[in-house]
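Just below is one structure, and these are the notes that go with it.
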Amino acid sequence: MASSAGQPQFRYTQPPSKVLHLRNLPWECTEEELIELCKPFGRIVNTKCNVGANHNQAFVEFADLNQAIAMVSYYASSSEPAQVRGKSVYLQYSNRQEIVNNKSTGDVASNVLLVTIEGVDSGDVSIDVLHLVFSAFGFVHKIATFEKTAGFQALVQFSDADTAASARSALDGRSIPRYLLPEHVASCHLRISFSAHTDLNVKFQSHRSRDYTNPNLPVNPSAIDGAGQFTVGPDGKRRELESNVLLASIENMQYAVTVDVLNTVFSAFGRVQKIAIFEKNGGFQALIQYPDIATAVLAKEALEGHCIYDGGYCKLHLSYSRHTDLNVKGNNDRSRDYTIPASGMLPAQPPSLAGAAPAAVGGWQGPPSTPIMYSGNEFMSSPCPPQPGGVPRPQHLQGWEYGQSQIASQTPGPNAFSSPAYAGQGPLITPPMPSPPGLVASNIGTNNLQSSNHSPHIGQPQMPYYGHQQMQMQMPGGLPPVSGGTPAYHM
DNA sequence: AGCACA
């Protein structure tokens, strides 16, 4: 059976791939040697060296398929074989289309090092100590430190990748000298890889970040952990430094919050460019990138302290991120780049889950395709155990038609939040939140517009936040409407 | 000299 007309184990011609498989390499051939060999044909985006029992195979991934084809074609018709250290190298298309997580990109050279300091708290190793240690290898441009689940980490920026590489090879796995550390620190190993960054965005000198190239950079008297940075306002008070990227942490997360949900929520204020969600110290956080600061400010003011779902669930805390442009690689369940056109089937606009909605909503008879509707599948399907005290299940089912009818209407005044029309129409279960009634979204605009047709929903469950035009209405003029079509923003 | 495992 095995030999009959089946696929031979190896074919002479593989289907093209931007990944090439190289054989007969010299022992422990380095990435530099591979790149040297391949880079005349295109840009190498990833490699995997020392593959196979003999460590004499490797994979090289080009940025573009045509580059891989160019290399294979060239050597197929060349009288000189590809060579490394005088050895003939055999190359062919890999049977995979990409190199899968070779070394988590930490091995592709960069002038910026990602340093994980094991076994210490962030307070144990000062930025000055790091600066001292890494300056032994060359001029350190910038350092940024932060706390991650992996531990205390630092990004250390050198002039070039060579300098960074020398620091890395000298220090990786080593320990910071004891005399530079507090006495209680037992050990302090450095794990060093290359960062994907090339230029750190340091806005202040602080105990968390330094820019040694700019002595005039303002000193931040009190950089606060976690959130963005602060500046001193005209009134002498500390003021959060605004950014086009919001950092959202979510409290009381009883229900899953997906990229799509966030996109829907935050798109109410303007076009969302990128979203990344991640865990930090066991908490849920997300970064939401807008094209400009004004939009972010608007979204922050409107959403801060509000809950995505009524009942105090998924309460948003917003601050300004230090980031200005998120490094979102692929579109997956943790991150999304909405600025990439035609990226698969992903909608550039808030998800239109029209197909799923009617069934899920049950009885909703609205039009089949409504870009603003978020069906909230996850939530629909999540079991909602009855709770004492009449706490409702997260109520998505009610009110859909109200939201729907919103579409045609545009415009309660800018004071929808504080409109007297809302008095007494807060959520049944008043969440222990300050200010605006209940669920940010569930009330805004809906009852306001519909109160003549519908009785208030006191005692009734509420729908999830999907507020789109509701929020739009709040925008103090001038904001481009969130509409379909090509984004008017560019990176 | 013939396809990796995060």
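Every chain is numbered from 1, with letters handed out A, B, ... down the list of sequences.
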Taking [atom1] from [X] and [atom2] from [N], how many angstroms apart are they, rounded to a whole number?
| X | N | atom1 | atom2 | value |
| --- | --- | --- | --- | --- |
| A/Asn24 | B/dC3 | CG | P | 14 Å |
| A/Asn50 | B/dA4 | CG | C1' | 12 Å |
| A/Asn56 | B/dC3 | CG | P | 11 Å |
| A/Tyr90 | B/dC3 | OH | P | 15 Å |
| A/Arg96 | B/dC3 | CZ | C1' | 7 Å |
| A/His55 | B/dC3 | NE2 | C1' | 14 Å |
| A/Asn46 | B/dA4 | CG | P | 16 Å |
| A/Gln97 | B/dA4 | CD | P | 16 Å |

- Message: Taking the cut-offs as 6.0 angstrom to the six-membered ring centre and 45 degrees off its axis, would you call A/Arg271 and A/Tyr338 a cation-pi pair?
- Response: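 No, a cation-pi geometry is absent between A/Arg271 and A/Tyr338.
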- Are the ring of A/Phe59 and the base ring of B/dA4 both nearer than 5.5 Å at their centres and tilted by less than 30°?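 Stacked: ring centres under 5.5 Å, planes under 30°.
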- Query: For A/His184 and A/Asp124, what are the C-alpha separation, side-chain angles and deciding distance, and is it a side-chain hydrogen bond (donor to acceptor under 3.5 Å, both in side chains)?
  - Reply: CA-CA 9 Å; A/His184 70 271; A/Asp124 294 338; 3.0 Å; yes
- Tell me what A/Glu61 touches on the nucleic acid: a base, only sugar-phosphate, or nothing, going by heavy atoms under 4.0 Å.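 If one applies the 4.0 Å heavy-atom cut-off, A/Glu61 turns out to touch nothing in the nucleic acid.
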- Query: Can you check side-chain hydrogen bond (donor to acceptor under 3.5 Å, both in side chains) on A/His317 and A/Glu251, steps first, answer last?
  - Reply: CA-CA 8 Å; A/His317 291 287; A/Glu251 186 190 323; 2.5 Å; yes
- Message: Using every non-hydrogen atom in the two residues, find where A/Ala58 and A/Leu25 come nearest and quote the distance to one decimal.
- Response: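 That would be CB-CD1, 3.4 Å.
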- What are the two closest heavy atoms between A/Leu200 and A/Ala144, and how far apart are they? CD1-N, 4.2 Å
Please tell me which of the listed nucleotides, [options], lies nearest to the side chain of [X]?
| X | options | answer |
| --- | --- | --- |
| A/Gln57 | B/dC5, B/dA6, B/dC3 | B/dC3 |
| A/Lys48 | B/dA6, B/dC5, B/dC3 | B/dC5 |
| A/Asn95 | B/dA6, B/dA4, B/dC3 | B/dC3 |

- Task: Taking only the side-chain nitrogens and oxygens of A/Gln92, find out if one of them lies under 4.0 Å from OP1 or OP2 of B/dC3.
- Result: no
